[in-house]
Student: 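Following this message is one structure expressed as structure tokens.
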Amino acid sequence: MKPFRHFNAASLDEALALLTEYGGKACVTAGGTDLLGVLKSEILADYPEAVINLKSIAGLDGIDADAGEMRIGALTTLARIADSPAVKKYCPALGLAAASVGSPELRNMGTIGGNLCQDTRCWYYRYPDMMGGRLPCYRKGEGPCHAVKGDNRYHAVIGARKCYAVCPSDLAIALAALEARVKTIRPAGERTISLVDFYDNLGPVLDPDELVTEIRISAPTANSLQRFVKFRLRESVDFAVVSAAAVLDVAGGVCRDARIVLGAVAPVPYRAKAAEEVVRGNLLDKRQAELATKAVLKDARPMSSNAYKIEIAKSLVKRVLRPQENAESKALIDTAAQAR
Ligand SMILES: Cc1cc2nc3c(=O)[nH]c(=O)nc-3n(C[C@H](O)[C@H](O)[C@H](O)COP(=O)(O)OP(=O)(O)OC[C@H]3O[C@@H](n4cnc5c(N)ncnc54)[C@H](O)[C@@H]3O)c2cc1C
């Protein structure tokens, strides 16, 4: 790792002042579970001269809710979110997503702000500098996306342009289905960004001197059913090969509203609108779930080695719509239901 200055910011103002002082040559850290790996592998286009610790700022962690919305501070750990009775009651899809992240160590250290802002896991982008030299790529601003001609089994099947890396955050998928909002601060002031607008093809749309301070989630409707399922290769610790989150409004067996979001298929959380349209306004029975499954990713343009992701996505959408037909998702959903 190269040397850098380290600051424990005492306040948001101090963190912003330091970011301004270093003019794009500083970055912030929360749990450090992603950033330290990024720094060790020296993959950033510009190595930071300073790292500003946000965990020294009081009051940026915590979960509170009233009848209208839940607010989760950016420094709240994933473990706390996964274990929170309020989250299990208010937004169980988010609790399930947090519980599915990495290992207990990662969940104890990693924060919701860091999870949303983590760098992509593309294995070409992450290729460590010290192993045979730097591997330039489009995302590093220095060349093509190697996934196009290379091994693209974990890359995007839809919506990518020039860089085919997928959004790695599980929490982003649940939060997109929950239509969450991300509150930020920068020297120019505060702003609120809808989670669906929080990412573009290359990751979070934050300015270099902008910090996430809070996530806001509206209260669920009385008939809200929420689900999150994830397919990964290692059950113990792994990123999603594909994930799916659903927030459904079901009354008398009829799906009055549906938001279905897929993870790890696109550079951003991908809203499966065609599937939503199939179930919206209809009895949520086996036939309708099958029809919705057929609509999933029908416009996808898979690369040479990742068409299999489309089949997994279809299967996950069936699970979030008809969990009773799948033992694994039933177990997950039962856990959430018991906690409610
Ligand atoms: C082995 C392993 C397995 C993993 N598995 C999963 C998984 O299954 N699912 C999943 O979703 N993730 C997974 N992760 C990623 C993990 O969840 C993230 O590393 C973690 O959530 C990041 O949180 P952090 O607080 O440690 O962020 P940090 O490492 O401190 O920061 C990450 C990035 O976010 C920026 N950042 C942090 N906080 C803020 C803020 N408040 N405002 C603006 N920018 C900020 C930092 O500058 C940095 O660029 C895994 C990671 C590892 C190493």
Side-chain angles (χ1 to χ4, degrees), residues 4 6-7 9 12 15-16 18-19 22 24-41 43-48 50-57 59-61 72-82 94 96-121 126 154 166-176 182-186 190-191 193 198-199 202-215 228-243 245 263-264 269:
F4 51 78
H6 182 269
F7 297 94
L12 279 172
L16 292 179
L18 283 163
L19 285 169
Y22 277 86
K25 294 193 171 153
C27 62
V28 297
T29 185
T33 59
D34 179 52
L35 186 76
L36 289 183
V38 166
L39 295 182
K40 275 187 191 163
S41 298
I43 56 180
L44 295 177
D46 291 314
Y47 206 88
V51 173
I52 303 157
N53 180 19
L54 300 180
K55 278 212 160 166
S56 42
I57 303 176
L60 274 186
D61 64 334
I72 304 179
L75 291 181
T76 312
T77 65
L78 305 181
R80 186 163 171 194
I81 293 168
L94 180 66
L96 291 170
S100 83
V101 170
S103 59
E105 295 88 337
L106 282 162
R107 294 194 292 276
N108 284 334
M109 289 300 292
T111 63
I112 188 168
N115 185 270
L116 294 179
C117 297
Q118 63 177 296
D119 217 339
T120 180
R121 305 305 296 192
R126 289 254 173 183
Y154 299 128
V166 295
C167 175
S169 165
D170 283 324
L171 273 70
I173 308 310
L175 288 170
V182 182
K183 211 176 142 208
T184 70
I185 190 163
R186 51 188 173 168
E190 292 183 329
R191 64 172 172 155
I193 310 169
F198 188 71
Y199 298 98
L202 292 178
V205 296
L206 296 180
D207 290 342
D209 56 358
E210 186 166 18
L211 301 172
V212 173
T213 54
E214 196 172 77
I215 315 300
F228 175 85
V229 291
K230 171 171 164 180
F231 178 85
R232 56 191 150 181
L233 295 183
R234 291 171 300 183
E235 273 304 308
S236 50
V237 184
D238 222 342
F239 287 88
V241 172
V242 181
S243 64

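Atoms within each ligand, like the ligands themselves, are counted from 1 in listed order.
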Student: Should Leu116 and Tyr199 count as side-chain neighbours, where that means a heavy-atom distance under 4.5 Å?
Tutor: yes
Student: For ligand 1, which atoms have a heavy atom of Gly31 less than 4.0 angstrom away?
Tutor: 24 (P), 25 (O), 26 (O), 30 (O)
Student: Give, for atom CG of Leu106 and atom OG1 of Thr77, the distance between the pair rounded to the nearest 0.5 Å.
Tutor: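 Rounded to the nearest 0.5 Å, the CG-OG1 separation comes to 12.0 Å.
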Student: Quick one: nearest non-hydrogen protein atom to atom 34 (O) of ligand 1, plus distance?
Tutor: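 The closest one turns out to be Cys117 CB, 3.2 Å.
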Student: Answer yes or no: is there a side-chain heavy-atom contact under 4.5 Å between Phe239 and Asp170?
Tutor: no
Student: Which residue and non-hydrogen atom of the protein lie closest to atom 14 (N) of ligand 1, and at what distance in Å?
Tutor: Phe239 CZ, 3.1 Å
Student: Could you check Phe198 against Val212 for side chain to side chain contact (heavy atoms under 4.5 Å, CB included), going step by step and ending with a plain yes or no?
Tutor: CA-CA 11 Å; Phe198 188 71; Val212 173; 4.0 Å; yes
Student: Quick check on contacts: which atoms of ligand 1 are under 4.0 angstrom from a heavy atom of Asp170?
Tutor: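 The atoms of ligand 1 under 4.0 Å from a heavy atom of Asp170 are 7 (C), 8 (O), 9 (N), 10 (C), 11 (O).
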Student: Should one rank Leu78, Leu12, Asp34, Leu106 by closest heavy-atom distance to atom 52 (C) of ligand 1, which comes out on top?
Tutor: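 Heavy atom nearest to atom 52 (C) of ligand 1 belongs to Leu106.
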Student: Working to the nearest 0.5 Å, report the span between OG1 of Thr33 and CD of Gln118.
Tutor: 7.5 Å
Student: Which option out of Glu210, Arg232, Gln118 puts a heavy atom nearest to atom 12 (N) of ligand 1?
Tutor: Gln118
Student: Excluding sequence neighbours, so at least two apart, what forms side-chain hydrogen bond (donor to acceptor under 3.5 Å, both in side chains) with Asp119?
Tutor: Tyr125
Student: Can you sort out which atoms of ligand 1 are near Thr33, meaning under 4.0 Å from one of its heavy atoms?
Tutor: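 Taking each heavy atom of Thr33 in turn, ligand 1 has 18 (C), 19 (O), 20 (C), 22 (C), 23 (O), 24 (P), 26 (O), 29 (O) under 4.0 Å.
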Student: What do you reckon, does Leu36 have a nitrogen or oxygen under 3.5 Å from a nitrogen or oxygen of ligand 1?
Tutor: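 Min N/O separation from ligand 1 is not below 3.5 Å for Leu36.
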Student: Of all the atoms in ligand 1, which lie at a distance below 4.0 Å from a heavy atom belonging to Lys230?
Tutor: 7 (C), 8 (O), 9 (N)
Student: With heavy-atom distances below 4.0 Å as the criterion, list the atoms of ligand 1 near Thr111.
Tutor: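 Once the distances to Thr111 are compared, the set is 21 (O), 23 (O), 24 (P), 25 (O).
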Student: Starting from atom 28 (P) of ligand 1, locate the nearest protein heavy atom and write down its residue, its atom name and how far away it is, to 0.1 Å.
Tutor: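 I find the closest protein heavy atom is Gly32 N, 3.4 Å.
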Student: Would you mind listing which atoms of ligand 1 come within a distance below 4.0 Å of any non-hydrogen atom of Asn115?
Tutor: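 Close to Asn115: 10 (C), 11 (O), 12 (N), 17 (O), 21 (O), 22 (C), 23 (O).
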Student: Can you measure from CE (Met109) to NZ (Lys55) and round to the nearest 0.5 angstrom?
Tutor: 4.5 Å
Student: Would you mind listing which atoms of ligand 1 come within a distance below 4.0 Å of any non-hydrogen atom of Ser169?
Tutor: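 With Ser169 as reference, the close atoms of ligand 1 come out as 11 (O).
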Student: Distance from Ile72 atom CD1 to Thr111 atom OG1, nearest 0.5 Å?
Tutor: 12.0 Å
Student: How far is atom 41 (N) of ligand 1 from the closest protein heavy atom, and which atom is that?
Tutor: Val212 O, 3.0 Å
Student: Hey, does Leu54 sit under 4.0 Å from ligand 1 if you only count heavy atoms?
Tutor: yes
Student: Answer yes or no: is there a side-chain heavy-atom contact under 4.5 Å between Leu60 and Thr213?
Tutor: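 A side-chain contact under 4.5 Å exists here.
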Student: Which heavy-atom pair separates Ala98 from Leu171 by the least distance, and what is that distance?
Tutor: CA-CD1, 3.7 Å
Student: So is Arg107 in contact with ligand 1, going by heavy-atom distances below 4.0 Å?
Tutor: no
Student: Looking at ligand 1, does any of its N/O atoms fall within less than 3.5 Å of an N/O of Ala240?
Tutor: no
Student: What residues form a salt bridge (Lys or Arg N to Asp or Glu O under 4.0 Å) with Arg80, not counting sequence neighbours?
Tutor: Asp61
Student: Which of the atoms of ligand 1 are close to Asp238, meaning less than 4.0 Å from one of its heavy atoms?
Tutor: 7 (C), 8 (O)
Student: Kindly confirm or rule out an N or O of Ala30 lying under 3.5 angstrom from an N or O of ligand 1.
Tutor: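 Between Ala30 and ligand 1, an N or O pair is found under 3.5 Å apart.
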Student: From the options Thr77, Val28, Leu35, Ile112, select the one whose nearest heavy atom is closest to atom 46 (C) of ligand 1.
Tutor: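 Considering heavy atoms of Thr77, Val28, Leu35, Ile112, the nearest to atom 46 (C) of ligand 1 sits in Val28.
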Student: Is the shortest side-chain heavy-atom distance between Leu19 and Arg186 below 4.5 Å?
Tutor: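 Not in contact.
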Student: Please examine the side chains of Phe4 and Leu39, heavy atoms only from C-beta on, and report whether any two atoms are closer than 4.5 Å.
Tutor: yes
Student: Among all protein heavy atoms, pick out the one at the shortest distance from atom 37 (C) of ligand 1; state its residue, atom name and that distance to 0.1 Å.
Tutor: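 Residue, atom and distance for the closest contact: Gly114 CA, 3.6 Å.
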Student: Please indicate whether any nitrogen or oxygen in Ala74 is less than 3.5 Å from any nitrogen or oxygen in ligand 1.
Tutor: no
Student: Are side-chain heavy atoms of Leu12 and Leu54 found at a separation under 4.5 Å?
Tutor: no
Student: Can you find an N or O of Cys27 that's nearer than 3.5 Å to an N or O of ligand 1?
Tutor: no
